[in-house]
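For reference, the structure discussed in these notes is given below.
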Amino acid sequence: MVFPSSLAYCNAVDLRFTKSNVFQMNRQSRGDMLSLDGAKKIFIQRDFSSGMTVKFQKNFPEELRGKIDPQLFYETIEEINKCFEEAERLGARNTVESCLACMTAYLVYLCVDTHYEKRVKKVRQYIHDQNDKIYSKQGVIILDPMERGLRCIEVIIVPEEFPPY
């Protein structure tokens, strides 16, 4: 199955979850709505083995076997984990950023993004790029972990009976 190339995938602005379990995806040509009620959802859980840091399990889900390469999936999760590790790392930059925020009554955060926010945007962009280049062509969509409050990464397998466009 080939995923339609005219679909915009997994951008935080493009993809929203509603109560009726309908995902809205903007098509590049027009704003159609795509219902993924029958889609298989897989959740990659957090790995708490090394404490409370944001890290996701690297186990390859059996449901993805035959759809995507396990090594590619492992590399994607590893890159996401590295970005969050980088975001939570303490250093001089974070100390100066915090002191500046305190001195300006946190008004500085109206003008600039924090180090953590920049890294979260990097993760979001990385997932979007991976979906564009690799996963969407295989009928798989990875969602931003921020959509689930960093509890898990949601992976959606688009059903075979995806309506042709």
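The basis for the numbers below is simple: all heavy atoms, side chains too, and nothing from hydrogens, waters or symmetry mates.
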| message | For the residue pair Glu85 / Asn81, report whether a side-chain donor-acceptor contact shorter than 3.5 Å exists. | response | no
| query | So do the side chains of Ile44 and Pro145 get within less than 4.5 Å of each other, counting heavy atoms only? | reply | no
| request: Determine whether Phe43 and Val158 fall in the same hydrophobic cluster, where Ile, Leu, Val, Met, Phe, Trp and Tyr are linked whenever their side-chain heavy atoms lie under 4.5 Å apart. | output: no
| request: Kindly compute the distance separating NZ (Lys41) from CD1 (Ile157), expressed to the nearest 0.5 Å. | output: 12.0 Å
| remark: Output for pair (Glu79 CD, Asp129 CG), nearest 0.5 Å, gives 11.0 Å
| query | Taking all atoms of both residues into account, what is the closest heavy-atom pair of Glu117 and Val112, and its distance? | reply | OE1-O, 4.5 Å
| task | Quick one: closest heavy-atom pair of Met146 and Val120, and the distance? | result | CG-CG1, 3.7 Å
| field | Nearest-0.5 Å distance, CD1 of residue Ile77 to CD of residue Gln57 | value | 10.0 Å
| Aromatic ring pairing Phe60/Phe73, orientation class (parallel under 30°, perpendicular over 60°, tilted between) | perpendicular
| Out of curiosity, Leu72 CG to Gln130 CD, how far, rounded to the nearest 0.5 Å? | 6.5 Å
| field | Minimum-distance pair of heavy atoms, taken over all atoms of Ile127 and Ile142 | value | CG2-O, 3.3 Å
| Note: Glu62-Arg65 ion pair, threshold 4.0 Å (strictly below) | yes
| query | Does some side-chain heavy atom of Val123 sit less than 4.5 Å from a side-chain heavy atom of Arg119? | reply | no
| query | Taking C-beta and beyond as the side chain, do Tyr126 and Thr76 meet within less than 4.5 Å on heavy atoms? | reply | yes
| query | Between Ser136 and Asp132, which heavy-atom pair has the shortest distance, and what is it? | reply | OG-O, 3.7 Å
| message | As an exercise, state the distance from NZ of Lys118 to CD of Glu86, rounded to the nearest 0.5 Å. | response | 12.0 Å
| Co-membership, hydrophobic cluster, residues Phe56 and Tyr74, 4.5 Å side-chain | no
| request: Look at the side-chain heavy atoms of Ile, Leu, Val, Met, Phe, Trp and Tyr, link any pair under 4.5 Å apart, and say whether Leu100 and Tyr116 land in one connected group. | output: no
| field | Which atom of Tyr135 lies closest to which atom of Ile68, heavy atoms considered | value | CE2-CD1, 3.3 Å
| Gap separating the CG atom of Leu143 from the SG atom of Cys152, nearest 0.5 angstrom | 9.0 Å
| field | From CA spacing to verdict: side chain to side chain contact (heavy atoms under 4.5 Å, CB included), Phe48, Thr53 | value | CA-CA 7 Å; Phe48 291 102; Thr53 60; over 6 Å; no
| request: Grab the two heavy atoms, one from Lys122 and one from Cys83, that are nearest each other, plus how far apart they are. | output: CE-SG, 3.9 Å
| Is there a salt bridge (charged side-chain N to carboxylate O under 4.0 Å, His left out) between Lys58 and Glu78 once you walk through the steps? | CA-CA 7 Å; Lys58 299 174 200 164; Glu78 184 66 28; 2.6 Å; yes
| side chain to side chain contact (heavy atoms under 4.5 Å, CB included) between Glu154 and Glu147, worked out | CA-CA 9 Å; Glu154 184 176 353; Glu147 297 286 323; over 6 Å; no
| said: Any non-hydrogen side-chain atom of Ile153 less than 4.5 Å from a side-chain atom of Arg148? | reply: no
